[in-house]
Amino acid sequence: MMKRNLHKYAVLCAVALLPLNKSRAQTKVSEATINQKINQIVKKMTLAEKIEMLHGNALFSSAGVKRLGIPELTCDDGPLGVRDEVLRFDWKSAGWTTDSATFLPNGSAMAATWNPALAHQYGIVIGEEANFRKKIVMLAPAFNICRVPTNGRTYEYYSEDPFLNAQLAVQAVKGIQSQHVAACVKHYAVNNQEEDRNTVNAVVDERTLREIYLPAFKAAIQQGNAYTLMSAYNKVNGYWCSENAYLLNKILKKEWGFKGAVISDWGGVHHTVEPANNGLDIEMGSSGPYDQWYFAKPLLAAVKAGKVPVATIDDKVKRILWVMYHTSLSANHPAGKMSTPEHNHDAYTIASEAIVLLKNEKFLLPLRTNSIKSIAVIGDNATRTFALGGFGAGVKARYEITALQGLQNKLGKNIDIRFAQGYRANYLANNTPEQNAGYDKPDQSLIDQAVALAKTTDVAMLFIGSNREFESEAHDRKDLSLPFGEQALVDAVTEANPNTIVIVTAGAPYDLTKIKKKNHTIVWSWFNGSEGGNALADVLTGKINPSGKMPFTFPAKLKDSPAFALDTYPGKNLTTPYKEGILVGYRWFDTKKIEPLYPFGYGLSYTTFEYSGLKADKKVYHSADRINVALTIRNSGGVAGKETVQLYVSKGNSVVQRAEKELKAFKKVMVEPGKTTTVTLSLSAKDLAYYNVKAKGWTVEPGQYKLLAGASSRDIRQVGTITITK
Ligand code: BGC
């Protein structure tokens, strides 16, 4: 499967804009030809036609120019898959029967795979399905840093680490764009909370911006060549992201050389002249009258009044045309396909690598299916689907295998599987707090039924966690507590059946303190896509050896997390100072020596891995060198498994503040039982640089650096030292 698509990827890249086997020089000619065509078209356009292209003309499109053959710029939401067709001027479903799509695992699930090849795979599925739906731009991937663990969109995003985010974002973008569909990377930038998201001003120092919040965007633009980018709702350092000259003109377009179009988040524009001059290209939003929008009649008037140069308007139009010539107007544009068996299989593969084994103290997993006669499947999440829900984008999934269905598919013939609901998920994202009141209370009669069932079976599986209503765009959770009285259910069922397995389905950190202490078997799953239930059943039964690792730190308590420890969330007077600076996620916990509940990068396997022999290819490196680090991984257990080897770097005695350690490389490898493999991790000495605020650039500080290779950020198995010279 992987090979099939990787091959296809290579071929498609080659034929994207020119016939096969053309030289690089000719590729450039091809770009030049495109630019020539674009210039010719723009010369023929009236100012009014140009302005029409710069703002929405419906919920998910902006106008083209029919007489010149310029199509509408159509777009659709990700990142969980290609959203169903909504009405042109209303969020209601258009009622199509051809828009059922593949539901792909959510962003933090993708990050938990630690597998960039799967992010590429994800991108291909999105691209193929977007083509089937004739969408030019896909509003994905989304990868804001997980700064606030209660952020309602944590599930959509990847991780708390800029490097992991960048590796995944680049591949997701490349995958989408290999199908001649534009990725729209979002939300640029520093959009780390939903509370006050439309108004909050994130105050971030320059170094933190450069080291934590921008690297994945930079990589998506420079390495991934993302064709479009979405400006975020919030302000950064006093300026709305949609009119932030520093973020858009200076960094994105000038420094990073972004050639594509900047699209506003929906309704995220506040003026005409400022965003027009400061780097925004297209205004999008949710309701008309469209000709009254900032980038419609008022923009025309502003140009006529000389407040926005015509050259600036031309530049925006050229950017949009450039996107089109690489997508809908490109040569060899693929037709697209929808929810194919291959797509389903890709969703399965991602899901199966995303599941994280948190605890397996009694080796209850993988299940001994030969001797187990009965299983109690307990909990609302066992029968719930996650493709849709709450506020924000979802997918009309062609199908979604629930956890219960997955288990029945796999074990139903030989094992008596019985279900009890266990708790009521009485919570809707769009309800008022009053309407949701009492959602956290246990339902004693459901608990009693669950306990009665659990007493009669060999194994009890508890499906708890959250759902797509409880984790939702436009809302943050108020704390880390498990909802719906789940803890009471866990306590009661655990008491009733000694073979209780807790399976948490969620997209963000929760407080599992008591469960971690009292329960011997804990598995973490996600909003895991169309094949989520099948992937989970295969992990529980050992067909798949779990290999997911946590993409974020689980704080033991919310106050341990930097934004809460420093009382900067959600901010005062609509301002949130990022006082923790570069110490986000594990960088904070490690530097401040705070024990997390589960550390970044944590996840167990049904086998064990031994690390040995870490060796860098040199002892001393120049700041322009590459650093190659090799180590040996031995599968010392009884079954084949995948391990993600994580390489962190630590700089003591630095001239600037440093995090205790920072992730600089990782690799996921498959190792057969009893076998060893050599893992080589490669980084550039430049990757060790800090952002030097005075010099306004990156500085590689000379001196000693520690190389820390491990199975998680807190399970360092091998240490080495290298020296960097000037
Ligand atoms: C979200 C974007 C999304 C857009 C269109 C906004 O509310 O922030 O991520 O793409 O709506 O649905």
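Values below: all heavy atoms of this structure, side chains included; hydrogens, waters and symmetry mates excluded. Order of appearance sets the numbers: ligands from 1, and atoms from 1 within every ligand.
- At the shortest separation from atom 11 (O) of ligand 1 among protein heavy atoms lies D265 OD1, 3.6 Å.
- In this structure, atom 7 (O) of ligand 1 lies nearest to the protein heavy atom E473 OE2, 2.6 Å.
- With respect to atom 12 (O) of ligand 1, the closest heavy atom belonging to the protein is D77 OD2, 2.4 Å.
- Between E580 and R587 there is no salt bridge, since none of the side-chain N atoms of the basic residue sits less than 4.0 Å from a carboxylate O of the acidic one.
- Of all atoms in ligand 1, numbered sequentially from 1 with element shown, those under 4.0 Å from a heavy atom of L139 are 10 (O).
- In K186, the part holding a heavy atom less than 4.0 Å from any atom of ligand 1 is the side chain.
- For Y348, the ring pair (Phe, Tyr, Trp, His ring centres under 6.0 Å) criterion is met by H345, not counting sequence neighbours.
- Of all atoms in ligand 1, numbered sequentially from 1 with element shown, those under 4.0 Å from a heavy atom of Y233 are 6 (C), 7 (O), 8 (O).
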N192 vs Y157, side-chain contact (heavy atoms from CB on, under 4.5 Å): CA-CA, chis, key distance, verdict: CA-CA 10 Å; N192 309 108; Y157 301 150; over 6 Å; no

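- Under the salt bridge (charged side-chain N to carboxylate O under 4.0 Å, His left out) test applied with D99, the options K396, R398, K135 reduce to a single match, K396.
- Residues F89 and Y290 bring their aromatic ring centres within 6.0 Å.
- Taking every heavy atom of R83 and a limit of under 4.0 angstrom, the matching atoms of ligand 1 come to 12 (O).
- Counting heavy atoms under 4.0 Å from ligand 1, residue E156 does not touch it at all.
- The proximity of F60 to ligand 1, defined as any non-hydrogen pair under 4.0 Å, is limited to the side chain.
- Remark: ligand 1 atoms within the under-4.0 Å shell around heavy atoms of W91 are 12 (O).
- Backbone and side-chain nitrogen or oxygen atoms of R153 are examined, and one is located within less than 3.5 angstrom of a nitrogen or oxygen of ligand 1.
- Remark: S472 pairs with F391, A429, H475 by the side chain to side chain contact (heavy atoms under 4.5 Å, CB included) rule, at least two apart or across chains.
- N278 places no side-chain N or O within 3.5 Å of a backbone atom of N244 that could act as its donor or acceptor partner.
- Within the 4.0 Å heavy-atom criterion, neither part of M138 lies near ligand 1.
- The two residues E283 and F295 have their closest heavy-atom pair at OE1-N, 2.7 Å.
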